[in-house]
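I have placed the structure first, in the form of structure tokens, so that the comments after it can refer back to it.
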Amino acid sequence: MEELNKTYSPKEIESKWYKIWEDSKYFAGKMEEGKESYSIVIPPPNVTGILHMGHILNNSIQDTLVRYKRMCGYNTLWLPGCDHAGIATQNKVERKLAEEGLKKEDLGREKFIEETWKWKEKHGGIITTQLRKIGASLDWDRERFTMDEGLSKAVREIFVHLYNDGLIYQGEYMVNWCPRCGTALADDEVEHVEKDGHLWHVKYPVKDSDEFIIIATSRPETMLADVAVAVHPEDDRYKHLIGKKLILPLVGREIPVIADDYVDREFGTGALKITPAHDPNDFNVGKKHDLPIINMLTKEATVTDEFPKYAGLDRFEARKVMVEELKETGALIKVENIKHNVGQCYRCQTVVEPRVSKQWFVKTETLAQKALEVVRNGEIKIMPKRMEKIYYNWLENIRDWCISRQLWWGHRIPAWYGPDKYIFVARDENEAKEMAVKHYGKEVELIQEEDVLDTWFSSALWPFSTMGWPEKTKELETFYPTSTLVTGADIIFFWVARMIMFGLYEMKEIPFKDVFFHGIVRDELGRKMSKSLGNSPDPLNLIEEFGADAIRFSMIYNTSQGQDVHFSEKLLEMGRNFANKIWNVARFVIMNLEGFDVKSVNKEELKLELVDKWIFSRMNETSKEVADYIDKFQLDDAAKAVYEFLRGDFCDWYVELAKVRLYNDDEAGKASKTTAQYVLWTVLEAGLRMLHPFMPFITEEIWQKIKVEGDSIMIQQYPVADESLINRDIENSFEYIKDVISSLRNIKAEMGISPAKEVKVVIKTSDEMELKTLEDNYIFITKLAKIEELKYGKEMEKPEQSGFRVAGNSEVYMILTGLLNAEVEIKKIQEQIEKVQKDLDKVNAKLSDERFTSKAPAHILERERRIQKEHQDKMDKLTENLKNFM
């Protein structure tokens with residue numbers, strides 16, 4: 001067999017193997033008859049995006065699932081693609097134009113879109129190249145883009161269906177408006193952030209009276225657009241003023257006092273300024289009372305020309321100016337400090353402005369009811385289960401979805417207006433013209449809607465549009481509904497719920513069976529990673545330093561279902577150390593397989609010892625556990641099971657015990673050596689296949705050196721547990737051996753005896769299994785524990801000067817006579833006891849002081865009790881050790 005390089009170098013092997021896999025089409029979604037199918041559609045990253053730690057976690061989970069299912073013999077498809085990211089991409093192209101002193105309007109719509117496509121071809125899709133670096137086994141031949149021809153056709157098709165079914169409509173309503181991005185936003189695209197603010201208390205004089213009403217407002221600048229003041233109809237303070245007129249400060253306009261039970265009498269002053277153009281609740285009150293709508297802000301959030309004194313001022317600058325004027329005129333009574341939630345654009349963090357405008361909406365109530373039902377009845381399983389509550393809450397309180405965006409980059413809404421503004425919704429312009437001829441009886445000029453669709457609209461079609469819908473394709477037949485969706489919990493509303501609604505509406509089937517929400521990757525302080533905080537490492541630099549396998553394994557190993565991950569580079573050291581361990585043990589095995597041919601082994605002639613049967617039992621038990629954990633989406637437990645088996649059982653125990661037979665070259669030992677070689681090869685080969693979904697590169701490199709047949713490990717069968725080889729009695733016997741050896745090693749460590757020093761040992765036990773195990777494995781135990789002489793039996797006497805441990809039902813004694821200078825050891829132990837006693841006295845005094853225990857927080861008390869226990873445990877051990885020398 002060809003040996004492995006002395007040093008494990010992930011950089012060398014990772015780029016090599018990915019190219020081979022991709023060129024060999026191993027990632028291709030096969031559609032073979034008679035096989036079960038397993039499919040995942042990738043959460044499409046933004047075309048503007050680059051790899052971050054969240055992507056690493058998300059795609060490592062998906063790739064592990066897909067590689068596992070592929071090895072289990074499924075028809076697997078992991079479908080890649082990118083999202084056109086309407087707002088983000090348009091912003092980037094506009095910034096590029098600004099550097100050239102241009103605006104998009106200087107180019108015009110058609111030319112601007114051409115420039116955006118050029119930008120996309122040059123800069124977009126970087127992330128898909130980066131995904132290859134982490135080993136993502138995506139079917140790149142099926143890669144899709146939300147603006148490609150097929151997906152654009154799908155968007156138009158479902159828009160027409162929804163419109164014809166009365167589920168899409170156009171209306172003038174209050175929407176969330178981002179002044180910077182220049183577009184409407186859906187409710188769930190607004191992030192609410194708690195900020196410090198103020199309540200300005202302002203006098204509104206009653207016309208022809210000395211009376212006034214005090215209004216408390218957090219947005220005094222919107223006073224310019226006030227059309228009324230509302231009070232509760234049963235509020236005795238204001239009853240006599242209902243129907244009267246107030247004089248609006250700074251403007252002088254007369255506005256009425258109206259009664260509405262919407263008003264909370266306990267909040268503020270119990271009187272509300274009503275500004276229908278700039279507050280969603282005021283908009284509803286205004287409609288109810290048929291109040292006018294006055295808009296005081298432009299789309300850019302500057303004051304309109306209708307108010308010349310403030311025209312052109314930014315809304316926040318206008319606020320400062322107007323507050324000063326209110327002070328000067330005596331209208332400002334007081335200013336109160338408050339904390340309140342402020343809505344921000346999820347893309348650029350600009351404060352969102354409520355704005356009345358004509359937009360396109362999807363009616364969501366009926367769609368939401370069906371989406372709720374399929375989760376409640378178990379057709380779709382959401383993990384972790386606690387996420388169901390969030391899903392239900394959102395859908396039960398859903399509002400109609402504003403789907404129009406005032407952008408140029410995106411899917412232009414397939415609606416055309418006739419001369420009288422009559423709307424024709426069609427799949428293309430020719431179809432719209434045919435509809436117009438039927439409507440008007442002649443050809444007329446049509447103008448297409450300027451707005452584009454919300455990016456999340458096309459993403460909601462992702463599970464079926466990417467597979468060729470509206471055509472009836474083989475992919476849809478084989479892979480839809482998809483099997484699993486893996487995504488972050490932060491897009492449960494943006495994307496997950498909408499895919500379920502649209503999948504049920506159009507396909508009459510759920511879009512996926514399982515939704516697995518993983519947590520957010522945070523820094524060590526628990527902060528969400530971001531460029532602005534500078535706490536987000538570059539994954540490509542980490543791959544360069546640690547290797548993709550180490551990063552993948554570390555992230556999965558440390559990510560419990562639905563829990564956030566507190567990331568630090570220290571986490572990755574575990575994965576790197578594990579990879580090095582696997583590499584080194586594989587080198588050792590390969591070096592000791594010289595002259596060994598697994599194909600020529602006669603299994604009937606093998607001399608299987610307890611240790612061989614134990615490792616086979618553990619191997620089959622582990623493969624069963626891993627399959628069970630993966631099926632339950634407990635990937636961290638699956639990774640831990642593989643880790644414990646390979647690093648612990650195989651590397652730390654079996655390989656060490658195998659050395660006893662490998663280095664035995666006499667005639668009698670040849671059969672035993674061949675057995676050890678066979679078991680080493682078998683367990684290493686199966687262990688690599690077990691580990692492959694988690695760490696694809698290193699497993700492929702090693703497997704290629706030891707394989708008997710096959711082109712790649714990734715298309716070999718995943719280890720299937722042979723339950724007949726799982727033997728609890730054998731495992732219990734071997735656990736006893738481990739206990740005995742570990743006990744002796746611990747005694748040596750505590751006594752400062754060299755691990756290599758051979759010692760005399762006495763074991764007393766009346767347990768028949770333990771006696772038989774000691775008899776049958778005498779050589780293994782004495783070699784591994786460095787025992788010069790081992791005596792065991794039911795009637796053994798305790799040696800006078802000895803170290804003592806309990807292993808199973810055995811009393812294990814290491815004879816210390818002659819190994820240590822008793823006087824020196826006694827002095828050393830007494831010094832340690834004295835030091836520990838001082839520390840113990842301190843913590844005992846603290847915990848017995850009622851002044852401390854009554855005032856200290858719970859976590860401090862818990863810490864002190866933990867320290868107390870640690871000191872007491874040390875004291876007990878030292879006292880026990882001292883007895884050995886007395």
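For this chain, numbers begin at 1 and follow the sequence in order.
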**Request:** Please indicate whether E100 has more than 12 foreign heavy atoms, meaning atoms of other residues, nucleotides or ligands, lying under 6.0 Å from its CD.
**Result:** yes
**Request:** Could you list the residues that satisfy side-chain hydrogen bond (donor to acceptor under 3.5 Å, both in side chains) with E94, not counting sequence neighbours?
**Result:** Q90
**Message:** Show every side chain to side chain donor-acceptor pair (under 3.5 Å) that has at least one partner inside residues 537-549, sequence neighbours left out.
**Reply:** K11-E544
**Prompt:** Strictly by modelled atom types, are E194 and N341 linked by a side-chain donor-acceptor pair under 3.5 Å?
**Reply:** no
**Prompt:** Mind checking what makes salt bridge (charged side-chain N to carboxylate O under 4.0 Å, His left out) contact with E300, not counting sequence neighbours?
**Reply:** none
**Request:** Measure centre to centre between the rings of Y163 and F424, then say whether the value is under 6.0 Å.
**Result:** no
**Message:** Quick test of your reading of the model: are D314 and R319 salt-bridged, counting only N-O distances below 4.0 Å?
**Reply:** no
**Asked** Can you list the residues that meet the ring-ring contact (aromatic ring centres under 6.0 Å, His included) rule with F567, with sequence neighbours excluded?
**Response** none
**Message:** Which residues pass the salt bridge (charged side-chain N to carboxylate O under 4.0 Å, His left out) test with E431, not counting sequence neighbours?
**Reply:** R427
**Prompt:** Is the shortest distance from a Lys or Arg side-chain nitrogen in E325 or K309 to a carboxylate oxygen in the other one below 4.0 Å?
**Reply:** yes
**Ring-face cation of R132 near W140 (centre distance under 6.0 Å, axis angle within 45°)** = yes
**Prompt:** When you look at I134 and H55, which way does the side chain to side chain contact (heavy atoms under 4.5 Å, CB included) test go after all the steps?
**Reply:** CA-CA 10 Å; I134 65 166; H55 292 125; over 6 Å; no
**Prompt:** Under the ring-ring contact (aromatic ring centres under 6.0 Å, His included) test, which residues partner Y173, sequence neighbours left out?
**Reply:** F361
Got a list of side-chain donor-acceptor pairs under 3.5 Å for residues 111-123, not counting sequence neighbours?
| unit_1 | atom_1 | unit_2 | atom_2 | d |
| --- | --- | --- | --- | --- |
| E115 | OE2 | K118 | NZ | 3.4 |
| T116 | OG1 | F112 | O | 2.9 |

**Prompt:** Under the salt bridge (charged side-chain N to carboxylate O under 4.0 Å, His left out) test, which residues partner E306, sequence neighbours left out?
**Reply:** none
**Request:** Using the test side-chain hydrogen bond (donor to acceptor under 3.5 Å, both in side chains), find all partners of T48 that sit at least two apart in sequence or belong to another chain.
**Result:** none
**Asked** Who passes salt bridge (charged side-chain N to carboxylate O under 4.0 Å, His left out) against E506, sequence neighbours left out?
**Response** none
**Message:** Under the rule for side-chain hydrogen bond (donor to acceptor under 3.5 Å, both in side chains), what residues qualify as partners of S459, not counting sequence neighbours?
**Reply:** D83
**Request:** Tell me, please, which residues at least two apart from R219 pass side-chain hydrogen bond (donor to acceptor under 3.5 Å, both in side chains).
**Result:** E221, E353
